[in-house]
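Owing to the predicted nature of the structure, the values given are computational and were not obtained by experimental measurement. Note: hydrogens, waters and symmetry copies are ignored here, and every other heavy atom, side chains too, is used.
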Amino acid sequence: MELSKGENSRVVVIGAGIVGVTCALTLQREGHSVILIDRHEPGDACSFGNAGILTATECVPYALPGFLPHVPGWLLNPLGPLAVRPRHLPRMAKWGLRFTRESAPHRVEEISRDMRAFYRSSVELYRELLASVDKPDLLQTTGYLAVYRDEAASKTDAFAWDLTRRGGVLLETIRGHQLRDMVPALSPDLTYGVFVPEEGYVRNPHRVVTALAERFSVDGGTILQREARGFQSANGRVLAVETDQETLRADHVVLAAGAWSTSLASDLGARVLIESMRGYHFMLPDPEIELPLPVLSGEFKFFATPMEDGLRLAGTAEFAGLHWPANYARADKLAKAAQTIFPGLRTAGGSRWMGHRPMTPDSLPIIGPSPKFQNAVLAFGHGHNGLSGAPITGFIVADIIAGRPPAIDLAPLSPTRFH
């Protein structure tokens, strides 16, 4: 996609994760004067530690038919692939009720189509984006391999794979020794796999964000380490963003603060439903195995991704809000599970991390104009797909601010859909 030069206005983007940085850079290339603010340095929050997968084929929401019988297990097993801390359950009641509604079969089909339409261009857009900042080497287009003990074990994911096929995604079944032909480090106990060739990944998600932020800064953008506290407004427009240090005048505002967006979104007139779906990783600097592509464990639900500084084990989902301490035993379990998949794996010297992924009940991001202020745009709620959805989000935000019709239908992403 090519951007046309727009009117030079002053835009304040709140949030310096991958979504906010990409929005800021895209708006800058439209000719706007952009200020990017965050409490953290660019990429130091959720964007720091994800699995690096570009989910161009993503079309499977978290809320699937028949999930309710699994809830007791999520509550009782704090180290399972998906866990809910019991003390947090009352706080997510409204979100959980909407999540249940979204698991109805007809809604799952609709959401799947909307997800596919939103994410399908992610690999191609990253090819263009990273080339534009002289970092094409960060993108790999190998696809990924999901592995199972046997075909019977894959049946737990049969609905998801079927939904993916019906979304027009190419899937290849891999059996027996062919798995080890693709990935020699795999255990011989694994005899069944699904190869997804259309996927890509980045070799260092944090460096992707910092490279984009650096180009934004070099090209004249302003990055401030500030906490947004609220807004000044009049006559249906935001006039300024109030921070912990000063007030920043704004012709337009973009809210892209991920899991921390709820309060500011309310100030902008949107009652959104966002939960932190906490993700963990275990980073291995010297794994003593080599992977030619990312491997997804069908049983343990995590990715093993070859990064430029080691092997990253990333995944699992935990609902415990923004303030409960991390349960790093979940990261430790990733390392133990990975050794059953890769018998030669060395886990010594690994480091652990936890990040807050902003999840909506319908697994779709919140992108669109503020219902209260005509010059404010909301752009958050991508869940575990923020890396994948960042480039298209930047283009959509630029289109909204320029008054152009976006390339995709924004109705499913509306900030008012949870009102």
Side-chain angles (χ1 to χ4, degrees), residues 1-6 11 13 15-32 34 36 41-44 46-58 117-144 170 196-223 254 256 291-294 303 305-309 312 365 367 379 382 385-399 401-402 404 406-408:
M1 297 182 184
E2 293 186 359
L3 294 172
S4 59
K5 289 290 182 181
V11 184
V13 177
I18 184 61
V19 173
V21 168
T22 306
C23 286
L25 184 61
T26 307
L27 288 166
Q28 182 187 62
R29 291 174 174 179
E30 288 255 294
H32 300 287
V34 184
L36 178 66
E41 293 291 336
D44 279 359
C46 187
S47 297
F48 176 83
N50 61 68
I53 308 299
L54 301 179
T55 49
T57 64
E58 182 68 286
F118 182 77
Y119 291 108
R120 68 190 312 156
S121 61
S122 65
V123 173
E124 185 56 38
L125 291 181
Y126 266 103
R127 182 177 286 110
E128 298 173 5
L129 184 61
L130 292 174
S132 75
V133 295
D134 302 318
K135 294 293 186 293
D137 59 301
L138 287 173
L139 175 64
Q140 302 291 306
T141 55
T142 59
Y144 76 80
L170 176 63
V196 189
E198 296 176 72
E199 294 285 30
Y201 75 98
V202 297
R203 299 170 58 235
N204 188 327
H206 183 247
R207 195 155 76 88
V208 168
V209 183
T210 56
L212 298 177
E214 181 180 357
R215 177 57 57 86
F216 168 76
S217 181
V218 167
D219 289 348
T222 300
I223 300 175
V254 178
L291 300 186
L293 78 174
F303 269 100
T305 307
M307 297 285 182
E308 62 181 7
D309 51 356
R312 178 166 296 173
I367 306 175
H382 298 70
N385 295 318
L387 179 69
S388 302
I392 187 63
T393 301
F395 281 109
I396 292 170
V397 168
D399 285 339
I401 288 178
R404 299 185 297 260
I408 66 172

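Between Asp44 and His206, some side-chain heavy-atom pair lies under the 4.5 Å cut-off. Taking 4.5 Å as the limit, every side-chain heavy atom of Ile392 sits out of range of all side-chain heavy atoms of Ser122. Counting heavy atoms from C-beta outward, Glu214 and Pro42 have side chains that stay 4.5 Å or more apart. Contact check for Glu41 versus Ile223: no side-chain heavy atoms found under the 4.5 Å cut-off. Phe395 places none of its side-chain heavy atoms less than 4.5 Å from the side chain of Ile408. Within the 4.5 Å cutoff, the side chain of Gln140 has no heavy atoms near those of the Pro306 side chain. Residues Ile401 and Glu30 form no side-chain contact, since every pair of their non-hydrogen atoms from C-beta on lies 4.5 Å or further apart. Proximity of Arg207 to Val202: side-chain heavy atoms (C-beta onward) are nowhere separated by under 4.5 Å.
Of all heavy-atom pairs between Ala56 and Val123, the closest is CB-CG2, 3.9 Å. Contact record, Gly52 with Pro205: CA-CG, 3.8 Å, taken as the closest heavy-atom pair. Shown here for Gly20 and Leu36, the closest heavy-atom pair between the two residues is O-CD1, 3.9 Å. In terms of heavy-atom proximity, Asp399 sits nearest to Pro406 at OD2-CA, 3.5 Å. Taking all atoms of both residues into account, the shortest heavy-atom contact from Val209 to Ser47 is CG2-CB, 3.8 Å.
The side chain to side chain donor-acceptor pair (under 3.5 Å) search around Asn385 returns Thr55, Glu58, not counting sequence neighbours. Tyr119 pairs by the ring-ring contact (aromatic ring centres under 6.0 Å, His included) definition with nothing, not counting sequence neighbours. Remark: Thr393 pairs with His382 by the side chain to side chain donor-acceptor pair (under 3.5 Å) rule, at least two apart or across chains.
Residue Ile367 holds its CD1 atom at 8.0 Å from SG of Cys23, rounded to the nearest 0.5 Å. Taking OG of Ser217 as the start and CZ of Arg215 as the end, the distance is 11.5 Å to the nearest 0.5 Å. Going from atom CD1 of Ile18 over to atom CZ of Phe48 covers 14.0 Å, rounded to the nearest 0.5 Å. Here the straight-line distance linking atom OG1 of Thr141 with atom CZ of Arg127 works out to 5.5 Å at 0.5 Å rounding. Note that the NZ atom of Lys135 and the OH atom of Tyr126 stand 15.0 Å from one another [nearest 0.5 Å]. Separation of atoms CD (Glu199) and OG1 (Thr57) is listed at 3.0 Å; rounding is to 0.5 Å.
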Full working for side-chain contact (heavy atoms from CB on, under 4.5 Å) between Leu129 and Leu25: CA-CA 10 Å; Leu129 184 61; Leu25 184 61; 4.2 Å; yes

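One side chain, Ser132 or Arg29, offers a donor N or O that lies under 3.5 Å from an acceptor on the other.
No donor-acceptor distance shorter than 3.5 angstrom exists from the side chain of Thr26 to the backbone of Pro391, with no hydrogens or angles considered. Put simply, the side chain of Glu198 gets close to the backbone of Leu170: a donor and an acceptor are under 3.5 Å apart. A donor-acceptor pair under 3.5 Å links the side-chain atoms of Gln28 to the main chain of Phe216, judged by distance alone.
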